[in-house]
Amino acid sequence: MSDQTLLKVTDLQRHFPFREVQGLRMVRATVKAVDGISFTVKEGQTLGLVGESGCGKSTTSRLVTRLDEPTGGSIEFGGRDITHLKEHELRDIRRDVQMIFQDPYSSLNPRQTVGAILSTPLRVHGLHQGKEKARVQELLELVGLNPEHINRYPSEFSGGQRQRIGIARALAVEPKLIIADEPVSALDVSIQAQVMNLLAKLRNELGLAFIFVAHDLGVVRHFCDQVAVMYLGKIVEYGDKKKIYEAPEHPYTQALLSAAPDINVARGIAPKERIRLIGDVPSPIDPPSGCRFRTRCWKAQDICAQVEPPLLSATTEESTRAFREGGVHLQACHFPEVKTDLVAEVPA
Amino acid sequence: MLTYILRRLALALSVILATLVSAFLLFFAGPSDPAQAMCPETRCNATRLAAITKSLGLDKPLTVQFFDYFRGLFVGRDFLYAGDTVHCGAPCLGFSFVTRRSVNDELFTRFPNTVVLALMAAVVFVTVGVTLGIIAAVRRGSAADRGLVGASQVLGSIPYYVLALLVALYPVILWNVLPQYSAISAGVGPYFMGMLAPALILGLVTSASYVRYTRNSMIETLSMDYIRTARSKGINERTVLFKHGFRAAMSPIATILGLDIAALLTGTLITEQIFGVDGIGRRGLAALKSFDLPVIMGTVLIGAVVVVIMNLVVDIAYSFIDPRVRLS
Amino acid sequence: ANNGTPGGTNGTGGKVDQAGAALDPNAKGPAPEIPGAKKGGILTVPYTSTPANMDPSDQFYQDTAVIFSLTNRALTTYVSRDGKQVLVPDLATDLGKQSEDGLTWTFTLKDGIKYEDGTPVKAADIVFAAKRSFDPDLAANGPTYQREFFKGGADYQGPYKGDKNWKGVEAPDDKTVVFHLEKRFETLPYFVSFNQFTPIPEAKDKKADYQLHPLATGPYMFDKYTPGTELVLKRNPNWDPATDPARHNYPDGFHFKWGVDTIKTQTAILASNGDDATSLNWDPIDSSLIPQIEGDKKAQFEEGPSSCVLMVNLDARKIPLPVRKAIAVAWPFDSIHKAAGETTHSFSPASTIIPPQIAGHLDYTAEAAPGFKMNGQGDGNADEAKKMLAAAGYGPDKPFELIYYYTNDDDIAQKVNQVRKQKLEAAGFKVQDIGVPNAERRKLVGDPKGKYNMLQSPRGWCFDWPSADSIIPPTFGTIALSQGGTTFGNFSDAKIDAEIKRIQQLSITEQGPEWGKMDKWLTENYLLAIPDNNDKGNSVFGTKVKNVHNNPNKGMPDLTDVWLDS
Amino acid sequence: MAWARLKRDKVAIICSVIILLFIIVAIFAPLLVSLEAVDPITKVKADVGTVHTELVDFNGLPTVGASSAHWLGVEPRLGRDLFARWAYGARPSLIIGFVAAFASTIVGVTLGLVAGYLGGLADKIISWVIDFFLSLPILLLVLAVIPIMQKRLAAGGDLTPEETSTIRFWVLIVILVVFGWMGLARLVRGEVKSLREREFVQAARAIGVPTRSILFREILPNLVGPIIVSASIAVPAYITYEATLSYLGAGLVEPTASWGRTIADAQNLFATYPLWLWPSVIGLSLLVLALSLLGDSIRDAFDPTSRR
Amino acid sequence: MTATVNTISTQSSEARDPGDVVLDVSDLSVAFPTEEGVVKAVSNLTYQARLGRTLAIVGESGSGKSVSSMAVLGLHNPKRTQITGSIKLDGIELVGAPASTFQRIRSTKAAMVFQDPQSSLHPFHKVGKQIAEAYRAHHKVSKQVALKRAVEMLDLVGIPNPQRRANSYPHEFSGGMRQRAMIALGLVNNPKLLIADEPTTALDVTVQAQILDLVNDLQKEFGSAVILITHDLAVVAETADDILVMYAGRGVEKGSAKEVLAQPSHPYTYGLLQSLPSHSEDLEELRAIKGTPPSLLNLPNGCSFHPRCEFKSQVDGDACWTVLPEWRATLGLTNREIRCHLADPVATLKHDEGER
Ligand SMILES: Nc1ncnc2c1ncn2[C@@H]1O[C@H](COP(=O)(O)OP(=O)(O)OP(=O)(O)O)[C@@H](O)[C@H]1O
Ligand SMILES: Nc1ncnc2c1ncn2[C@@H]1O[C@H](COP(=O)(O)OP(=O)(O)OP(=O)(O)O)[C@@H](O)[C@H]1O
Ligand SMILES: [Mg+2]
Ligand SMILES: [Mg+2]
């Protein structure tokens, strides 16, 4: 793990314009799917992206892989600005940044054999010319599949196996960064763990950096170094895993963590005090003014409606503390809740 | 909604305009020479041909002809005829080359017959097709299902004009069980009775495809989760089938229906021809034979307008049928 | 009027009575009662074609002529006497008076003639109608004799665009109509039987809309008229039978329906259920129904000659006479008629140019080669034709090429062409058949400079009145050719022209036999066109329709004589 | 998989056999016709084109019936051999049905792919064209256009009967294609629009696969099902359409033998001389029926949820 | 069929008090004949649901959870389904019962909340009407009265502004609201049994928490029996009283929810728990169950789980391959049953856990 910044995302924006009918009029509106987010990923590091449905996780992934073009902000990869590169200029980037998709069923072309699926990236990038088949078999082995299955169709595999094929495809071009958009959400409970293990193994062996999108907080906790919590197209809290999970400062993060049911209840551990949020996530078409979470926040006050809280360290005055802890922890709330006992835990 | 309709109307208008332009280019700028067709065979000479060409207005430059036609459609136009100006109000489709009568008169007086025929046929195919389709869907896989679907297939495979001719000859003319077509001038009763035979055969043959549409749509609907929900409420099966299943199954059929009626309105040609129904299809066919360009143009235009309007109606109706569809 | 349908011949059609054009200047109304005839009922007449319009000035076709015979009277008309058509005065008191030089004709109107609305008919109305027939819009489809013969007719544009006071036709008073001619027109009395000379009061003229209700002078008047669809006629209360030598009015009314399907209509009429028993159809009998009308439904069918003669037209400029004769020998009359869907009821074979019902018709049968009669029958003799070709210097190595246009967008024409081609090739000809769409073919075959060497226009000729001066001059003379048209043979020959001119100077009654002789002379010496057949008219009618007779001038039934049994 | 399902479908098998029989008849028509005996009157074997007016009477009705020389008798008026007309008549139906279906499938798929994948202006234009074509009163227009097309193609030249009928033949196919591609284009467009959002397409893009490869290698193979289904429905539809146009006089012309033309010719004599009309009606109906049932089976095989 | 420990003798009587058995499923098998073969979706399933208690049925996708509970409401197409065994709902035998019986018990005795509320509500009918319809199917009341009842129910499940919302179409609702509406629909006739089939799978975590709270609250209020179908063990831990773990159409373990999750005694349950990330928070590697679930067309002989079972070597002989294990009480645990050949599963699993 070097300290080299691999990916730097600054103020990234993706607004989808569309037309909507309101009463008798047609109005133009925009879905602010991603609305100014910044983060960095260093080589070999894993960033987790969590948040509820529709908060912009997938959009972010698609922007970073440049499957979609941002409407604002910038993406730097390996020091190069790739924000608005054209498709043909992206070729190199396509080798370095790969994606693993959520749905192992729809992410593999049902009409192609595993061999064809895996050799496509090799062919496109002219890798291992003449020895594609060997490389494909190698890849299959790498993800724990039988190399003899090269001529089978995806439908002949189970969900977990298919997800492995998807992973192998991403690995084929030997990327530096993999964006995994909910790679295990669609898998059965008993298979999830297999795939998680595979990803962890590959990360360690190949020194890959990951952006790992999930809504299962447990999985993220298991897999990531840093976590960004998103709400309605914004990052509301961002920091090292330990801090986010153990000392969440933003009310939304707290609510999210408390809402996740805990199996340990069965073992006699008292259930967490559950923060009950009222209502649903507002629409990204017309997000609330000021702090976007305020409509569901129990702490909301007048200022929340007027001023949009920036993503800051809750304890700027104690920046030394953040430094001492050797980690980042930013949040965007006017009234963050700083857990002081954690400070005590940190060795001086 | 209003903007939507306006936008759709604009689109519809653009389609009609395109039809207009292409039909005009096709016919007027086409290689056929209607003046030649008008010119009495053995006595046709150059002067006579020129006179006819002039009288039909075919001597003017094409752009002028088109502009005149176009203007006629929207603001009406004046024709010089027998030294007189004859006004033809908008939408003016011109004057028939052959009968020298206004195409509007020629077509709009006949259009009602086509409409009546199409609507009567629609009643037949909707009731017959939908009923049988539902039966087939509910009895899915049974002998009744197979029989109905098979019979509809067979019916759909026999050349329509042969069927129609047999119906026109046997029950109508020879056995005298169904009355022959007579114009509305002969009385409303005989008129509708006379429409019965053509409407029945047209409707029955068309119903063949409705049996299948309905069946498939119904089967698909019955496999939806909300049907399961309806059942789980403990309401009786008939309510499930009709209030829940049929209601949802009908909306795609309603779309097809709208378009089919439009198609019928422009395509009852064979039926009209065989049963002698005096509709625009038959008129159009006659016009084709005599190169009567304004009448052909008029028929094509009316056809396009009908289809476009039906499309629009279907779209708008659909949004009322299915609350999920927002007009956007 | 002309007739474009292909015709044919076979052996069984019997000879038509020598009808002869009789004139009876003294005929008086009323027409004699028909024994047994009853009054009442509506005769329904459904048929396939659709008249373009009902404007009297625009009429030239047989179907509308029959309809107008019920509603409108002209200066003269015909009556049928013993199967012969006799020209009689109708609105006029006689058949016209000719001036010394033959260039002025005067007709006097009968007294007491009224329109359906009761207003009296005036001579000026006939003059107005005559002028109206010059309007290029209103009378686009009408005849053109008036342009040729009337003084100043060539350029006259009718009363709307042209000079209102044009002097070609005049009415010096309410009873007198005077025609001024450019040149002699001995058969003018025939011409003024046309609907162009039925009176139209100028005050009631609605131009394009006049056709919606032309004012009646005959026994019936328009009741309901839907252009292109149907016409209902009812009795005209202001018709006075005493003035009319030609018309009866037995049925209460008539109902014409247009654009019907032939087979359905004829099948229905033969079955005679309900209204079909009082229906009449004059389309050619469908071949599928022949067993019926030759069997137990014989009484419901009537046939007779029409005004048309059909010929095989040759371009004598391009085909030498010996080869023309070889063609006549090789010509597959029977096969062509079969292929064309003709039946024994649709034509009778012809050996002459002038049909038998015309006065002066000379019955002769020429021979193309010794023993090979040109009687429009048989299927050609390939061997003999080959011999004749060889004699003319043509053989397999140097075949004579026949070039003609045929219609390639009409099924029957295509079939006929196949038969024709196969048979002509069998007879040693080389055939170049050029397919073009019908409208175009008409242009091409009407052009004397066309690429063809046979089958140019005209295909045949339908006389406009029963005198051969409406047949031979326009089809064999040089005039049509010099005007840029085509003729039988496309041949200009001073001898023929001189002969035509000579006969035309004769009086109407003298002309007949002379034309007959010329007919034979033309075929035997020139063979510009091979006589093929005379068209027949058919009528199929319900069991209650009585007294249906074919009018040999029209090939249609005389509706003025029909009555209905109840 | 679909194939295996199809093979188990009895109806599909029977239909395929029937269709195959017709194809065999069409291909081997000359051979089959040559099996007929020599006609005792004409002294020759019958063929598809030669007229024998000596075999019909003056009213055009055949004087000979069905015999070893003429298995289905001879044609009224022209005396051509009806079995030959029938066997050869299968050809245009099959050729037009399959060729037009093939061509319109290609057009529809291409335009649908382009519209669906590129979206934006291309989509707007193509969708508009689809709307436009769908709004035309097709039958009447086709009836009007065919002679015009024929004339344009002839380009003023003089045509022999054979040239005429060949031109007509191809004009007819072109017309069927021009007016027949919209349904499939619409379907493909919709499918592509949804496939485009499918993750495997995204994956291909993420890998850097060029657009053309995505269209033809990734997306197109997934449309095989709907395309085959729509083509299998198109074949009988085109066959019917050809027959209808021929019936209305805007289809094939002499001397081409075609069922549609025979039906048009023979319809009036259906009772007087049934041998003329019915073989073609039966041939056409059976072929269309078999093709549509097979089409159904194919759809079922490709989309098992829609089965009986 | 093996006798279960807590079978109540008087099953014909109606369940009234908390703890009474409302639903008694015994030896239930559901099979679907298909072209590929017979899909044995549920085999020999036995369980009970009691008033006032929540029974969780867990298992992975395709293990037969939905199929078995839909059999209770008779929602399978009788022509295409083979159902054997016995389902007694409040004393009424439902296997082989006529359609009219099902019509009567649906919604009144047992109701179901389906997995996907988006597709389970009729898109063309207003929400209020759909709820009212269920009420009117069992009560002879006017439309207005039924609609009022529907509004009450919507209010009860916490939909704000219920009067207005009753007049909305389902697509105008958010996911959470739709699920609430489904619950309102399920409860409108006060059923004794509410089957919630994965009621929160399609929902966000925060909304899921709301819905689960709601179900719990409502159960307390109505005192009915609830069957909660899910594959999320954490949800079970927080909400269920009893648990039934299913694998490949069969029950493999049942008992009190908390106990089972705290101390699983079937290797499959054990494996599931082990593979949860929350269980092994800081481990580099999760302990996954190897292999994939079997095809229902072709179930393995013997214990269905044996191909994936790590402990089959600890069973003597070839019992795991050949003998289908019957329900038996777990050695050393009360109130627990499993279907496993292991002699002392508790000890075996404990040993295994200690090892890693
Ligand atoms: N092409 C698009 N056009 C319009 N809106 C879009 C588009 N793509 C995404 N959105 C909207 O942007 C928002 C964010 O979507 P995104 O898919 O990134 O969410 P997500 O966090 O990945 O959600 P999930 O957990 O459901 O996958 C949503 O409201 C979505 O409706
Ligand atoms: N009508 C049917 N015909 C054939 N197989 C069926 C049918 N219904 C269900 N199955 C099969 O039965 C098995 C059990 O399905 P079931 O829906 O009960 O699983 P589940 O445990 O509810 O899974 P999930 O968690 O995905 O909802 C599945 O393999 C399914 O494919
Ligand atoms: Mg997402
Ligand atoms: Mg389920």
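Naming: A, B, ... by sequence-line order, numbering from 1 per chain.
Within 6.0 Å of CD on Glu220(B) lie no more than 12 heavy atoms contributed by other residues, nucleotides or ligands. More than 12 heavy atoms of other residues, nucleotides or ligands lie within 6.0 Å of CD in Glu237(B), so this atom counts as buried by the packing criterion. The 12-atom threshold is exceeded at CZ of Arg247(B), counting heavy atoms of other residues, nucleotides or ligands nearer than 6.0 Å.
At a heavy-atom separation below 4.5 angstrom, chain E is approached by Asp225(B), Tyr226(B), Arg228(B), Thr229(B), Arg231(B), Ser232(B) within residues 221-232 of chain B. Identified by a heavy-atom distance below 4.5 Å to chain E, contributing residues of residues 115-131 of chain B are lacking entirely. Residue-level contacts of residues 126-139 of chain E with chain B, in order of numbering, are Lys129(E), Gln130(E), Glu133(E), Ala134(E), Ala137(E), His138(E); threshold 4.5 Å between heavy atoms. Interface with chain B: from residues 179-186 of chain E, residues Met182(E), Leu185(E) qualify, criterion being any non-hydrogen pair under 4.5 Å.
Atoms NZ and NE2, on Lys243(B) and His125(E) in that order, are 6.5 Å from each other to the nearest 0.5 Å. Taking CE from Met250(B) and CZ from Phe124(E), the interatomic distance works out to 11.0 Å, rounded to the nearest 0.5 Å.
In terms of heavy-atom pairs under 4.5 angstrom with chain B, the leader among Ser107(E), Pro123(E), Ala110(E), Ala99(E) is Pro123(E). Listed options Pro170(E), Ser120(E), Ala111(E) were ranked by heavy-atom pairs under 4.5 angstrom with chain B; first place goes to Ser120(E).
Contacts of Leu121(E) with chain B are made by backbone atoms alone, with heavy-atom separations under 4.5 Å and no side-chain atom involved.
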